[in-house]
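First the structure, in the form of structure tokens, and then the observations on it.
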Amino acid sequence: MEYTEDQKRRFREEFASKRQTRVLATVLVLLCACLLVVLTPEFPPRGTDVLLVLIFGILLLMGVVYLVHTSRCPACGRLVGRPMRARFCDQCGIPLR
């Protein structure tokens, strides 16, 4: 499908507006993953460790779901291969930067 220049500009702006939150979500996902590794040296965890592991596990899952949701092409809706460095959508070829 052929898009007008105005539509392409809006697609680029929409994808760029989510970049900062994607970076923050990636950092939080990595932090939660590291904390899960540190908090569970023994399995199964004991006492309050269970609650912490559960909280960090839920945060990790929420971060991954958010990243998948925001890493979609605004034109075709499919996942972009490398959303932090993507210049074009792999599927429809729309410029993202």
Side-chain angles (χ1 to χ4, degrees):
M1 179 177 185
E2 196 62 34
Y3 297 104
T4 65
E5 288 302 317
D6 188 45
Q7 287 174 319
K8 290 178 183 179
R9 181 185 49 78
R10 279 189 279 136
F11 291 148
R12 284 192 303 270
E13 288 172 357
E14 182 182 340
F15 194 75
S17 70
K18 297 177 184 176
R19 180 171 168 44
Q20 193 171 17
T21 56
R22 272 195 305 270
V23 170
L24 180 63
T26 302
V27 169
L28 292 175
V29 163
L30 292 174
L31 181 65
C32 285
C34 291
L35 288 172
L36 277 174
V37 170
V38 169
L39 289 174
T40 57
E42 59 200 42
F43 193 81
R46 293 179 278 172
T48 59
D49 289 346
V50 173
L51 182 61
L52 288 174
V53 167
L54 183 65
I55 289 170
F56 286 123
I58 290 171
L59 287 174
L60 181 69
L61 181 64
M62 287 172 52
V64 169
V65 168
Y66 178 78
L67 285 173
V68 168
H69 180 71
T70 60
S71 298
R72 295 189 174 276
C73 173
C76 67
R78 295 188 180 167
L79 283 175
V80 176
R82 292 181 172 174
M84 299 297 181
R85 293 191 271 167
R87 294 186 186 276
F88 296 93
C89 174
D90 300 334
Q91 304 297 320
C92 66
I94 206 79
L96 298 172
R97 282 194 179 183

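This structure is a prediction, so every number in the text was calculated from the model and none was measured.
Scanning for side-chain hydrogen bond (donor to acceptor under 3.5 Å, both in side chains) contacts around R9 gives D6, E13, with sequence neighbours left out. For L59, the side-chain contact (heavy atoms from CB on, under 4.5 Å) partners two or more places apart in sequence, or in a different chain, are C32, I55, F56. Applying the side-chain contact (heavy atoms from CB on, under 4.5 Å) test to L24 and every residue at least two apart in sequence or in another chain returns L28. Scanning for side-chain hydrogen bond (donor to acceptor under 3.5 Å, both in side chains) contacts around S17 gives an empty result, with sequence neighbours left out. V23 pairs by the side-chain contact (heavy atoms from CB on, under 4.5 Å) definition with R19, M84, not counting sequence neighbours. Taking F11 as the reference, Y3 meet the ring pair (Phe, Tyr, Trp, His ring centres under 6.0 Å) condition, with sequence neighbours excluded.
Judged as a side chain to side chain donor-acceptor pair (under 3.5 Å), not a single pair has a partner in residues 51-60 (not counting sequence neighbours). Evaluation of the side chain to side chain donor-acceptor pair (under 3.5 Å) test over residues 50-67, restricted to residues two or more places apart or in two chains, returns T21-Y66.
Across A25 and L67, no two heavy atoms sit closer than the pair CB-CD2, 3.8 Å.
Inter-residue side-chain proximity for T4 and K8 is flagged as unmet; no heavy-atom pair is nearer than 4.5 Å.
For the atom pair CD of Q7 and CD of E2, the computed distance is 9.5 Å after rounding to the nearest 0.5 Å.
Judged by a 6.0 Å distance limit and a 45° cone about the ring axis, R22 is positioned over the six-membered ring of F15.
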